[in-house]
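Structure first, commentary second.
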Amino acid sequence: MEEKTVVLIVGAGPAGLATAACLTQLSIPYVIVEREDCSASLWRNRAYDRLKLHLAKEFCELPYMSYPAEAPTYIPKDQFIRYLDNYIERFNIQPKYYIDVKSCTYDQDKQCWFTLARDMATSMVVRYTSRFLVVASGENSAENIPTIPGLNDFSGETIHSSRYKSGAAYSRKNVLVVGCGNSGMEIAYDLASHGANTAIVVRSPVHVVTKEIIRCGMTLVQHMPVETVDDLLVRMSNCVFGDLSRHGIVRPEKGPILLKAKTGRSAVIDVGTIGLIKKGTIKVVGNISKIKGNIVEFEGRKASTFDVIVFATGYNSTANTWLKNGESMLNNDGLPKKEFPNHWKGANGLYCAGLAKRGLAGIAMDARNIANDILSSWH
């Protein structure tokens, strides 16, 4: 089966949906394909139950559609999924599901992209020809689990955060959470709240803030220098949390907003985890050196036994496994070569949306930029 279109979008997560909506607003034809059986599969199938958007709703809107006025400031997972469903309906987005893209190559002579895919429902080969190609398959395509000596022989249960739902199943068990980002910290809180004996590996410096502090910072940085805002946020955080170094948590040298801009690393928005760490309910441990049976040994030769290890260690992009001529835009990790805000465009009509580690606000910017650029190039 063959299909021709002006734009092919690979991925029907928020980035793909936002790009589709922006193209619709400009009357640019497109096809959007998705490997899973639904849109936004990360949110529907691979997010824990208590998840809310970490940023206030005004920073989490997709183009051309706000949240309902009665929506809470911090949107729960289920409400965000409803928002996406309404978004799909409003812009008449019709993803083709179960389409597994195998390769995308650019033909210099014909000046178009040839995409080879498999319809997983019928096992038929599908070929798409498009003038433009948008990589919207996401930063969170494949689970990232670090290499640890002895991990394969761990006698307990190991689980990635993408498959974690609730701490209810782990009551009274000894659980180690690896990773101290927002997911790791919130999962540790959830586990401890359900009666698990919880420890968390804090491997690197991290900013800890409240949701009100980061909302204030994101508002102020639109009107003030980032260094000034960061200094204020750090002072506010110190007032709220005090010196966390005595609990094994050290702040990075760069401020929270500058660090996000330079590296994509977000500040941790506390949901109550720090209070439990201070009480000793959640223990902070250092890097893992090795595992033997159910014993985990940490740097400094401290060791403890665990029934479960939860890896909140993020994801990897898989774009490079199928994008064959993407060297103008993506590095070896499948992420943009250029820094924000110039990361979204490659050569020969190639674009990426949602790969800059800028959250939903970054996705909205990418989608608008891509649609406007396609419009100017197409005509």
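Just so you know, these numbers use all the heavy atoms, side chains as well, and skip hydrogens, waters and symmetry mates.
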So does A196 get a backbone contact from the side chain of S171, meaning a donor-acceptor N/O pair under 3.5 Å? no
Sidechain-backbone polar pair: H207 side chain, K254 backbone, donor-acceptor under 3.5 Å: yes
Lys/Arg-Asp/Glu bridge criterion (N-O < 4.0 Å) met for R35, D100: yes
Would the number of heavy atoms belonging to other residues, nucleotides or ligands and lying under 6.0 Å from NZ of K290 be above 12? no
After noting the C-alpha distance and the side-chain angles of R44 and E36, does the key distance pass the salt bridge (charged side-chain N to carboxylate O under 4.0 Å, His left out) rule? CA-CA 11 Å; R44 296 180 197 275; E36 303 295 332; over 6 Å; no
Roughly how far apart are L355 CG and S317 OG, rounded to 0.5 Å? 5.5 Å
N294 CG to F306 CZ distance, which is reported to the nearest 0.5 Å: 10.0 Å
May I ask you to decide whether R46 forms a salt bridge with E143, counting only side-chain N to carboxylate O separations under 4.0 Å? no
Under 3.5 Å: donor-acceptor pair, side chain of N320, backbone of N331: yes
Side chain proximity check, Y83 to L62, heavy atoms < 4.5 angstrom: yes
Hey, what do you get for CD1 (I257) to CE (M224), rounding to the nearest 0.5 Å? 10.0 Å
Should R50 and E186 count as an ion pair when the cut-off is N to O under 4.0 Å? yes
The reported gap from OH in Y351 to CD1 in I9 (rounded to nearest 0.5 angstrom) is 12.0 Å
Short N-O contact, D366 and R368, less than 4.0 angstrom: no
What is the distance from atom CG of N152 to atom OG1 of T158, rounded to the nearest 0.5 Å? 9.0 Å
Heavy atoms, side chains only, cut-off 4.5 Å: are I249 and I274 in contact? yes
Closest heavy-atom pair, G354 versus E139, reported as atoms and distance to 0.1 Å, is O-CG, 3.4 Å
Candidate pair D109 and Q111, rule side-chain hydrogen bond (donor to acceptor under 3.5 Å, both in side chains), full reasoning: CA-CA 6 Å; D109 294 332; Q111 294 192 332; over 6 Å; no
Shortest non-hydrogen contact between A18 and I363, atoms and distance: CB-CG2, 3.9 Å
Quick check against the 3.5 Å criterion: does D270 have a side-chain atom that pairs as donor or acceptor with the backbone of T210? no
Decide if atom NZ of K165 counts as having more than 12 heavy atoms of other residues, nucleotides or ligands within a radius under 6.0 Å. yes
Hey, is the main chain of L335 close enough, under 3.5 Å, to the side chain of D333 for a donor-acceptor pair? no
Crowded around N332 CG? As in, over 12 foreign heavy atoms under 6.0 Å? no
Can you tell me which residue among K357, H54, K260 is in a side-chain hydrogen bond (donor to acceptor under 3.5 Å, both in side chains) with S266? K260
Taking it one step at a time, do D190 and S166 satisfy side chain to side chain contact (heavy atoms under 4.5 Å, CB included)? CA-CA 7 Å; D190 188 55; S166 167; 4.3 Å; yes
S161 side chain to A312 main-chain N or O, any donor-acceptor pair under 3.5 Å? no
Give a yes or no on whether the ring-centroid distance for W113 and F132 is below 6.0 angstrom. no
Without swapping roles, check the side chain of N144 against the backbone of T313 for a donor-acceptor pair under 3.5 Å. yes
Would you mind reporting whether L360 and F59 have side-chain heavy atoms less than 4.5 Å apart? no
Side-chain heavy-atom pair V296, L176 within 4.5 angstrom cut-off: yes
For the pair R215 and E58, find out whether any cationic side-chain nitrogen is under 4.0 Å from an anionic carboxylate oxygen. yes
Please indicate whether K77 has more than 12 foreign heavy atoms, meaning atoms of other residues, nucleotides or ligands, lying under 6.0 Å from its NZ. yes
Distance, nearest 0.5 Å, that separates CG of L23 from CD of Q25: 10.0 Å
Mind checking whether Y87 and L26 sit in one hydrophobic cluster, side chains of I, L, V, M, F, W, Y counted as touching below 4.5 Å? yes
Is the count of non-hydrogen atoms from other residues, nucleotides or ligands lying under 6.0 Å from K292 atom NZ greater than 12? no
For H194 and G167, which heavy atoms make the closest approach, and how far apart are they? CB-O, 3.3 Å
Compute both the distance and the angle, then confirm whether K211 meets the cation-pi test with Y74: under 6.0 Å from the six-membered ring centre, within 45 degrees of the axis. yes
Hey, can you tell me if Y164 and Y48 have their rings parallel, tilted or perpendicular (30° and 60° cut-offs)? perpendicular
Sequence neighbours excluded, every pair satisfying ring-ring contact (aromatic ring centres under 6.0 Å, His included) that has a member inside residues 138-161: H160-Y315
Just wondering, do L191 and I282 contact through their side chains at under 4.5 Å, heavy atoms? no
Looking at side-chain heavy atoms only, is the closest gap between V31 and V7 below 4.5 Å? no
Donor-acceptor contact below 3.5 Å, side chain K102 vs main chain R118: no
So that I can tick it off, tell me whether D231 and R235 are bridged by a salt bridge, with the cut-off set at under 4.0 angstrom between side-chain N and carboxylate O. yes
Can you confirm whether R251 sits close enough to V234 that some side-chain heavy atom of one is under 4.5 Å from a side-chain heavy atom of the other? yes
Any donor-acceptor pair under 3.5 Å from Y67 side chain to C60 backbone: yes
Decide, yes or no, whether a salt bridge links D373 with K345 under the criterion of side-chain N to carboxylate O below 4.0 Å. yes
Please examine the side chains of F80 and L53, heavy atoms only from C-beta on, and report whether any two atoms are closer than 4.5 Å. yes
Indicate yes or no for a side-chain donor-acceptor contact from T19 to the backbone of A367 under 3.5 Å, with no hydrogens or angles considered. no
Does atom CD of Q222 have more than 12 heavy-atom neighbours, drawn from other residues, nucleotides or ligands, at distances under 6.0 Å? yes
Would Y170 and I159 satisfy side chain to side chain contact (heavy atoms under 4.5 Å, CB included), going step by step from the backbone distance to the final call? CA-CA 12 Å; Y170 302 103; I159 180 175; 3.8 Å; yes
